[in-house]
Amino acid sequence: MSDPADVLADLRAEGDELDAIVRESSDERWRLPTPAPRWSVAHQIAHLAWTDRAALLAVTDAEGFAAEAEKALAAPERFVDDGAEEGAALPPAELLARWREGRRLLDEALRQVPPGGRFPWYGPPMSATAMATARLMETWAHGQDVADALGVVRRPTARLRHVAWIGHRARDYAYLVRGEQPPAEPFRVELTGPGGESWAYGPEDAAQRVSGDAVEFCLLVTQRVHRDDTALRAEGPDAEHWLGIAQAFAGPAGPGRGPKGAAS
C-alpha cells in the first residue's frame with residue numbers, strides 16, 4: 001500500500017479536478033441526470049459530501065459512527081439514496097461549499113491518525129491510507145458519472161493506481177457481500193496504466209489471472225461499465241466470475257451497469 005501522505009495528496013488532487021468540472025456549472029446543469037438511475041449531478045456531489053462526513057465521523061468519533069452505521073443497517077437499501085437526496089436539495093453553491101469543507105476536514109483528520117491507527121467503516125475497519133484510497137476511488141467513480149452527464153472527457157492519470165489496488169484488494173468482499181465463498185487461492189492482476197506503465201497485484205504464478213487496460217479495470221470494479229463492454233482478459237473460471245461481480249466499494253452488492261445497447 002502507498003504512503004499515507006502520497007495517497008492524501010492524490011485524493012486532494014482528485015477532488016480538486018472534480019471541483020473544477022462542477023464549480024462553474026449553472027443550476028440547470030447541476031440538475032442534469034447522470035448514468036446512475038435517479039441521480040443528478042447534484043446527487044453525485046451530495047453523496048461524496050455525505051460520505052466524507054461519515055468518514056470524518058469514523059476517524060474522530062467511533063461511537064458516533066457506530067450509531068450512524070446502525071441507521072444504515074436498519075435501511076440498507078435507502079440510506080445512501082437518502083443522504084444523496086438531502087444534499088441534492090440544497091442550492092448548488094451551498095452544496096459545493098459543504099463538499100469542500102468536508103474534504104478539508106477529512107484531509108486534516110486523516111493526516112493526524114497515528115501509524116497503525118484503525119477505525120470502523122461500513123466494510124472492514126480502515127487505516128488512514130485505506131480510507132484515503134477508498135475516498136479517492138469514490139471521488140473518481142462518481143466524478144466519472146458527473147463527467148459523463150456534463151459531456152466532459154477526463155484524462156486518466158496515475159492516480160488510478162489506487163483505484164486498481166483497492167479493486168484487487170476488495171476481491172473477497174465482492175463475494176462475501178453476495179453470500180458467496182471467495183476462492184481460496186489468490187488471483188494475479190496485470191494492468192497497463194494510462195502512461196503505459198505496468199501495475200501488477202497478486203502472485204506471479206497464480207492460475208487465475210486478469211489482465212488488460214487499467215482504466216477499464218477501474219471502471220469495472222467501481223461498476224461504471226459492464227463486463228461485456230470491456231476488453232479485459234480473464235484466465236480461469238474463477239477470474240471470469242469475479243469480473244462479473246467485482247466491487248471496490250463498501251456496502252450492499254451494487255446492481256452494476258447494463259451492457260451498452262441493452263434494452264431499458
Side-chain angles (χ1 to χ4, degrees), residues 1-4 6-7 10-11 13-14 121-127 129-145 154-257 259-260:
M1 184 181 285
S2 301
D3 180 85
D6 291 339
V7 185
D10 283 346
L11 172 58
E14 196 67 36
W121 194 235
Y122 298 106
M126 292 278 204
S127 66
T129 304
M131 178 61 81
T133 303
R135 299 309 308 130
L136 191 155
M137 175 270 295
E138 279 225 56
T139 303
W140 178 81
H142 290 283
Q144 185 62 48
D145 290 342
R154 300 192 299 174
R155 182 180 64 85
T157 74
R159 295 192 297 270
L160 282 177
R161 69 190 185 279
H162 304 300
V163 182
W165 179 87
I166 202 172
H168 170 262
R169 182 75 171 175
R171 187 203 71 168
D172 287 2
Y173 182 79
Y175 283 86
L176 294 171
V177 78
R178 289 165 175 78
E180 300 181 23
Q181 183 64 33
E185 69 276 12
F187 292 179
R188 175 73 168 181
V189 176
E190 297 178 345
L191 305 172
T192 302
E197 62 274 39
S198 296
W199 301 338
Y201 314 95
E204 293 185 17
D205 61 350
Q208 303 290 322
R209 310 173 71 86
V210 169
S211 59
D213 178 69
V215 176
E216 287 194 340
F217 180 78
C218 292
L219 289 169
L220 185 71
V221 298
T222 57
Q223 297 190 353
R224 261 59 189 176
V225 69
H226 191 274
R227 165 72 176 113
D228 293 348
D229 294 322
T230 76
L232 294 168
R233 298 176 294 279
E235 299 177 36
D238 289 342
E240 183 59 52
H241 177 63
W242 175 49
L243 291 185
I245 65 170
Q247 175 174 324
F249 50 88
R257 300 280 163 83
K260 291 179 180 177

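In this chain, residues are counted from 1 in sequence order.
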Sorted by chain and number, sequence neighbours left out, salt bridge (Lys or Arg N to Asp or Glu O under 4.0 Å) with R171 holds for none
Would you say D229's side chain and K260's backbone share a donor-acceptor pair under 3.5 angstrom? yes
May I ask you to decide if F249's main-chain N or O and Y173's side chain share a donor-acceptor pair within less than 3.5 Å? no
Side chains of residues 197-204: which donor-acceptor pairs under 3.5 Å do they make with residues two or more places apart or in other chains?
| residue | atom | partner | partner atom | Å |
| --- | --- | --- | --- | --- |
| E197 | OE1 | G195 | N | 2.7 |
| Y201 | OH | R161 | O | 3.4 |

Residue among E190, R188, E235, R233 satisfying side-chain hydrogen bond (donor to acceptor under 3.5 Å, both in side chains) with S211: R233
Please identify which of these residues, T133, T129, D10, meets the side-chain hydrogen bond (donor to acceptor under 3.5 Å, both in side chains) condition with H162. D10
Applying side chain to side chain contact (heavy atoms under 4.5 Å, CB included) to D213 and not counting sequence neighbours gives V215, E216
Over all heavy atoms of both residues, which pair between [X] and [Y] is shortest? Give the atoms and the distance, please.
{"X": "A206", "Y": "F187", "answer": "CB-C, 4.0 Å"}
{"X": "A246", "Y": "A174", "answer": "CA-CB, 4.1 Å"}
{"X": "P194", "Y": "T157", "answer": "CG-O, 3.5 Å"}
{"X": "A130", "Y": "S127", "answer": "N-OG, 3.1 Å"}
{"X": "A248", "Y": "A170", "answer": "CA-CB, 4.1 Å"}
{"X": "V177", "Y": "G251", "answer": "CG2-O, 3.2 Å"}

So how far is it from [X] [atom1] to [Y] [atom2], rounded to the nearest 0.5 Å?
{"X": "W140", "Y": "L11", "atom1": "CH2", "atom2": "CG", "answer": "15.0 Å"}
{"X": "T222", "Y": "R224", "atom1": "OG1", "atom2": "CZ", "answer": "5.5 Å"}
{"X": "L176", "Y": "Q181", "atom1": "CG", "atom2": "CD", "answer": "7.0 Å"}
{"X": "L220", "Y": "W242", "atom1": "CG", "atom2": "CH2", "answer": "8.5 Å"}
{"X": "R159", "Y": "M137", "atom1": "CZ", "atom2": "CE", "answer": "15.5 Å"}

Between E180 and H241, do the side chains contain a donor N or O and an acceptor N or O under 3.5 Å apart? yes
Using a strict threshold of under 4.0 Å (side-chain N to carboxylate O), is an ion pair present between R227 and E240? yes
With a 4.5 Å heavy-atom cut-off, do [X] and [Y] have their side chains touching?
{"X": "V7", "Y": "W165", "result": "no"}
{"X": "Q144", "Y": "R154", "result": "yes"}
{"X": "P237", "Y": "Q208", "result": "yes"}
{"X": "L219", "Y": "T230", "result": "no"}
{"X": "Q247", "Y": "R178", "result": "yes"}
{"X": "D238", "Y": "E185", "result": "yes"}

